[in-house]
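Taking it in order: structure first as structure tokens, then the write-up.
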Amino acid sequence: QVQLVESGGGLVQPGGSLKLSCAASGNIFNIYAMGWYRQAPGKERELVATISSGGNTNYADAVKGRFTISRDNAKKSVYLQMNGLKPEDTAVYYCKCNSGRSLYSYTPYWGQGTQVTVSS
């Protein structure tokens with residue numbers, strides 16, 4: 001019943017910017033950490049950025065200084081502002097929300113993925 005709907009992906013030139021959005025809907029409560037992951041062809045899915053319920057953030061070294069993760073708890077949404085995009089950022093981006101009764105019994109919910117392609 002829980003769905004995470006992503007949007008904002010697309011084709012952008014190197015150095016460009018995109019903002020990804022992910023909104024949770026359905027029977028979802030007590031959302032804890034939220035994050036963005038990405039998977040490029042032939043590579044493992046990797047963490048891009050996370051944000052706690054209190055707004056604390058963490059970024060992969062590859063995106064530090066270029067990407068910004070944020071959230072709107074009222075809207076049950078998480079965002080990823082991507083600036084200074086590089087070809088190596090090309091991947092399918094997935095959002096994730098940890099939700100459950102407590103931090104010790106949560107379930108990860110994943111979005112369907114949105115394609116980000118950085119190319120000239």
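Predicted, not measured: the structure shown is a model, and the values here were computed from it.
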Flag, side chain of [X] to backbone of [Y], donor-acceptor distance under 3.5 Å:
X	Y	answer
Glu6	Gly113	yes
Arg38	Ala91	no
Arg71	Ile51	yes
Thr90	Val118	yes

> Has Glu88 got more than 12 heavy atoms of other residues, nucleotides or ligands less than 6.0 Å from its CD?
Replying inline: yes
>> I'd like to know whether OH of Tyr106 has more than 12 heavy-atom contacts from other residues, nucleotides or ligands below 6.0 angstrom.
In response: no
> For Gln115 and Thr117, does a side-chain donor sit closer than 3.5 Å to a side-chain acceptor?
Replying inline: yes
> Can Tyr37 and Lys96 be counted as having a side-chain donor-acceptor contact under 3.5 angstrom?
Replying inline: yes
>> Checking Cys97 now: which residues fulfil disulfide bond (SG atoms under 2.5 Å apart) with it, not counting sequence neighbours?
In response: none
Determine whether [X] and [Y] fall in the same hydrophobic cluster, where Ile, Leu, Val, Met, Phe, Trp and Tyr are linked whenever their side-chain heavy atoms lie under 4.5 Å apart.
X	Y	result
Tyr59	Tyr93	yes
Tyr79	Met82	no
Val63	Trp36	yes
Val92	Val5	no
Leu85	Leu80	yes

> Arg66 and Asp89: side chain to side chain contact (heavy atoms under 4.5 Å, CB included), yes or no, with the steps?
Replying inline: CA-CA 11 Å; Arg66 299 188 297 119; Asp89 294 320; 2.7 Å; yes
> If you look at every heavy atom in Ser99 and Tyr109, which pair is closest and at what distance?
Replying inline: CB-CE1, 3.9 Å
> Atom OG1 of Thr50 and atom CD1 of Ile69: how far apart are they, to the nearest 0.5 Å?
Replying inline: 6.5 Å
Side-chain polar contacts of residues 10-34 - donor-acceptor pairs under 3.5 angstrom, sequence neighbours left out - could you list them?
unit_1	atom_1	unit_2	atom_2	d
Ser17	OG	Asn83	OD1	2.9
Asn30	ND2	Gly100	O	3.3
Tyr32	OH	Gly100	O	3.1
Tyr32	OH	Arg101	O	3.3
Tyr32	OH	Ser102	N	3.2

> Considering residues at least two apart in sequence or located in another chain, which fulfil the salt bridge (Lys or Arg N to Asp or Glu O under 4.0 Å) criterion with Lys64?
Replying inline: Asp61
